[in-house]
Amino acid sequence: MSNRLYVGNLSWNVRDDDLREVFEQDGRQVVDARVITDRETGRSRGFGFVEFASSEEARAAITALDGHVLDG
């Protein structure tokens with residue numbers, strides 16, 4: 001399994017730091033968290049990627065946060 005997870009259906013208001021904060025809960029080590037933005041407008045495209053230090057932490061994040069609602 002990859003250490004990088006796709007995170008979809010994000011609110012337009014979610015930023016990189018918000019994404020990182022949610023995925024670092026329970027002591028998981030996030031290497032990188034990015035919300036993808038439109039290069040013309042800078043507006044969120046509604047999805048992002050979170051990279052973890054290990055595949056075990058990525059699996060734990062999937063288990064803990066599957067279906068989690070962030071910012072409504």
Side-chain angles (χ1 to χ4, degrees):
M1 174 179 186
S2 173
N3 297 355
R4 190 172 188 206
L5 301 179
Y6 166 82
V7 182
N9 297 321
L10 294 174
S11 163
W12 304 123
N13 300 321
V14 174
R15 300 290 171 236
D16 295 348
D17 291 339
D18 302 324
L19 199 56
R20 176 181 290 275
E21 185 178 309
V22 167
F23 279 89
E24 283 182 336
Q25 291 176 0
D26 303 328
R28 288 181 292 272
Q29 184 179 0
V30 173
V31 174
D32 189 34
R34 302 262 177 196
V35 174
I36 306 304
T37 57
D38 182 272
R39 74 178 88 142
E40 298 291 322
T41 65
R43 182 178 173 195
S44 169
R45 295 192 60 204
F47 68 94
F49 296 93
V50 179
E51 185 176 349
F52 293 89
S54 70
S55 59
E56 291 79 23
E57 288 183 330
R59 281 191 201 100
I62 291 170
T63 301
L65 296 170
D66 185 32
H68 180 80
V69 177
L70 175 61
D71 192 41

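Sequence positions, counted from 1, serve as the residue numbers for this chain.
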Item to complete: Name all residues meeting the side-chain hydrogen bond (donor to acceptor under 3.5 Å, both in side chains) criterion together with T37; count only those two or more places apart in sequence or in a different chain, and write none if there are none.
Response: none
Fill in: Over all atoms of both residues, closest heavy-atom pair of W12 and G46
CZ3-N, 3.6 Å
Practice prompt. Check salt bridge (Lys or Arg N to Asp or Glu O under 4.0 Å) between D66 and all other residues, then give those that pass, not counting sequence neighbours.
Written response: none
Scan the side chains in residues 29-36 for donor-acceptor partners under 3.5 Å anywhere in the protein, sequence neighbours excluded, and list what turns up.
from, atom 1, to, atom 2, distance (Å)
D32, OD1, R34, NE, 3.3
D32, OD2, R34, NE, 3.3

Practice prompt. Give, for atom CZ of F49 and atom CG of L5, the distance between the pair rounded to the nearest 0.5 Å.
Written response: 10.0 Å
Item to complete: Give every residue pair that meets the side-chain hydrogen bond (donor to acceptor under 3.5 Å, both in side chains) criterion with at least one member in residues 41-52, sequence neighbours excluded.
Response: D38-T41
Discussion item. Among residues at least two apart in sequence or on other chains, which ones pass side chain to side chain contact (heavy atoms under 4.5 Å, CB included) with V7?
Written reply: L10, L19, F23, V50
Worksheet, complete the sentence: In short, E57 meets R28 closest at the heavy-atom pair O-CD, 3.5 Å
Worksheet item: Could you give the distance from OG (S2) to CZ (R4), rounded to the nearest 0.5 Å?
Response: 8.0 Å
Discussion item. Test: salt bridge (charged side-chain N to carboxylate O under 4.0 Å, His left out). Region: residues 10-21. Which pairs qualify, not counting sequence neighbours?
Written reply: R20-E24
Discussion item. Membership question, hydrophobic clusters at under 4.5 Å side-chain separation (ILVMFWY): are F47 and L70 in the same one?
Written reply: no
